[in-house]
Asker: 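I am attaching a structure below and will ask some questions about it afterwards.
Atoms considered below: every heavy atom in the structure, side chains included; atoms not considered: hydrogens, waters and symmetry mates. Order of listing sets the numbers, starting from 1, for every ligand and every atom in it.
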Amino acid sequence: MFSTLKAMPADPILGLLSQYRDDPRGEKIDLGVGVYKDILGNTPILDCVKTAEQRRTATETTKVYIGPAGSSDFNRLIAELAFGEQHPTLSAGRIRSVSTPGGTGALRVAADFIKRCRPGATVWVSDPTWANHTGLFEAAGLKVERYPYYDYTTKALKFDEMLAKLNTLGENDVVLLHACCHNPSGQDLSTEQWDRVVQVAVKRGFTPLIDMAYQGFGDGVEEDAYGVRKMAAAVEDMLLCSSCSKNFGLYRERIGACSIIANSSAAADVALSVLLYVVRCLYSMPPAHGAALVETILGDNQLKQQWLDELKVMRDRINGNRAILVERLKAIGVEQDFSFIARQKGMFSFLGVSPEQVEQLKQEFGIYMVDSSRISIAGISDSNVDYLAKSIAKVLQG
Ligand code: LMR
């Protein structure tokens with residue numbers, strides 16, 4: 001049976017991890033996978049996570065099955081973090097959340113859930129979007145289409161075109177939006193643009209599915225949830241997929257959440273039963289450890305404040321890196337305008353060079369990024385930014 005298989009190409013993002021590790025050069029830079037790195041290039045465990053972990057070890061009494069929904073405390077706290085404790089949909093009892101294996105698990109649960117709600121639905125993703133989005137929805141048997149989003153020439157949103165496309169959609173469509181820190185472009189909707197997208201969603205009746213993988217990495221935990229909260233307050237049905245990989249640094253613990261908003265509490269109960277069925281068929285139950293850490297942190301005012309402080313350090317470092325790269329490129333005389341990198345938000349931007357130049361940066365200079373020229377800003381540091389800027393300059397000179 002297996003002899004008919006054809007090998008799949010390496011994942012465009014994860015494949016870079018092993019290529020970088022296997023590169024023997026001393027001077028090399030990893031701008032590939034979206035993982036936070038400190039000034040030394042390490043991805044440390046947050047102090048608040050260490051404290052939570054010690055508490056859990058001391059107080060945990062069982063490893064018995066947790067159930068398909070995961071921890072109810074985690075589910076409540078993660079919904080409050082995303083929607084805000086006072087959100088009208090929470091008080092109306094219209095939200096149900098389940099813990100999932102990371103944000104990717106949340107997206108796959110959402111995909112299977114959508115397939116059950118409306119088997120013929122089309123999922124509309126931004127052009128471009130995270131490389132794994134299309135595969136995830138297609139794996140659930142859904143059709144995937146793209147709406148205009150990023151203009152590679154002007155390094156800005158194609159907002160009018162995006163809105164024009166959304167204005168043609170309807171009840172059979174699901175529109176995937178990035179809550180903040182758009183992956184891969186770093187180009188987010190402004191609050192005014194969110195307001196207009198919300199108006200179109202209400203008018204056209206499509207279902208928004210918001211992917212929030214970077215809450216707190218853009219402008220702040222509250223600020224980054226603007227679109228999620230505004231949309232949730234306006235529409236009847238919506239899905240939210242959130243991840244604790246980046247903002248809690250819990251990458252390998254695989255913890256995220258899938259939340260659904262229905263138009264009444266009774267409808268939300270029915271939707272939850274379908275969600276739980278989907279989970280049971282996919283992986284039965286989510287891992288518990290990451291959720292236990294997040295609920296310990298969010299459920300304790302002091303630990304939560306510590307987490308917010310540590311998150312701010314990560315956010316400020318990334319924003320600082322953006323400014324430093326732009327400044328260094330200018331300082332060494334690169335004429336091309338890279339100021340857009342400082343305007344964009346979150347972990348990623350497109351450098352805006354060709355696939356051949358991406359390859360040259362890898363082969364000649366040991367600088368790794370996704371073929372699209374997406375760079376993970378956290379991989380930049382004081383010690384490598386000069387080398388990075390000079391290498392980019394050389395490649396641009398041809
Ligand atoms: C990324 O886009 O680099 C991250 O979301 C990691 C991943 O799984 O692709």
Side-chain angles (χ1 to χ4, degrees), residues 8-21 29-38 41-43 100-111 125-140 144 146 149-150 176-188 209-218 224 240-258 282-283 286-287 290 311 314-315 317-318 321-322 341 344-351 358 361-362 367-380:
M8 298 289 288
D11 182 90
I13 298 174
L14 301 182
L16 290 169
L17 271 176
S18 50
Q19 286 180 31
Y20 175 78
R21 274 185 205 138
I29 308 178
D30 178 12
L31 306 178
V33 183
V35 164
Y36 176 77
K37 290 186 176 139
D38 65 13
N42 299 322
T43 306
T100 55
T104 306
L107 286 161
R108 183 56 205 269
V109 166
V125 298
S126 59
D127 182 14
T129 195
W130 180 46
N132 207 21
H133 274 147
T134 304
L136 270 165
F137 291 103
E138 285 179 350
V144 179
R146 289 169 173 251
Y149 189 80
Y150 185 68
L176 191 148
L177 299 154
H178 299 224
C180 58
C181 309
H182 184 268
N183 180 3
S185 73
Q187 192 67 50
D188 285 343
L209 160 53
I210 306 189
D211 186 356
M212 184 153 64
Y214 296 89
Q215 187 179 5
F217 269 73
D224 290 352
L240 175 72
C241 296
S242 36
S243 169
C244 303
S245 296
K246 334 279 168 167
N247 53 7
F248 287 86
L250 286 169
Y251 307 89
R252 65 172 61 173
E253 299 299 348
R254 310 308 302 139
I255 178 62
C258 179
L282 279 174
Y283 52 80
L311 183 54
M314 294 196 278
R315 177 170 65 245
R317 195 180 118 64
I318 289 177
N321 282 351
R322 287 181 173 280
I341 293 179
Q344 293 170 344
K345 295 279 166 60
M347 200 79 106
F348 310 108
S349 280
F350 287 119
L351 196 54
V358 169
L361 283 165
K362 189 200 292 180
I367 297 171
Y368 288 77
M369 67 190 69
V370 181
D371 288 349
S372 60
S373 88
R374 186 196 82 166
I375 53 173
S376 178
I377 304 286
I380 301 171

Asker: Under 6.0 Å between ring centres: does that hold for Y150 and H182?
Answerer: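 That pair fails the under 6.0 Å test.
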
Asker: Is there side-chain contact between Q215 and L311, with heavy atoms separated by less than 4.5 Å?
Answerer: no

Asker: Is D224 salt-bridged to K345, cutoff N-O under 4.0 Å?
Answerer: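 Looking at D224 and K345, the cut-off is not met.
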
Asker: Using side-chain contact (heavy atoms from CB on, under 4.5 Å) as the criterion, list what pairs up with A106, not counting sequence neighbours.
Answerer: T100, C241, C258

Asker: Does G256 offer a backbone N or O that forms a donor-acceptor pair with the side chain of S243 under 3.5 Å?
Answerer: no

Asker: Below 3.5 Å only, please: the N or O atoms of ligand 1 paired with protein N or O atoms, distance on each line.
Answerer:
residue  : atom  : partner : partner atom : Å
ligand 1 : 2 (O) : W130    : NE1          : 3.0
ligand 1 : 2 (O) : N183    : ND2          : 3.0
ligand 1 : 2 (O) : R374    : NH1          : 2.9
ligand 1 : 3 (O) : G34     : N            : 2.7
ligand 1 : 3 (O) : R374    : NH2          : 2.9
ligand 1 : 5 (O) : K246    : NZ           : 3.2
ligand 1 : 9 (O) : W130    : NE1          : 3.0

Asker: When you look at H133 and S126, which way does the side chain to side chain donor-acceptor pair (under 3.5 Å) test go after all the steps?
Answerer: CA-CA 10 Å; H133 274 147; S126 59; over 6 Å; no

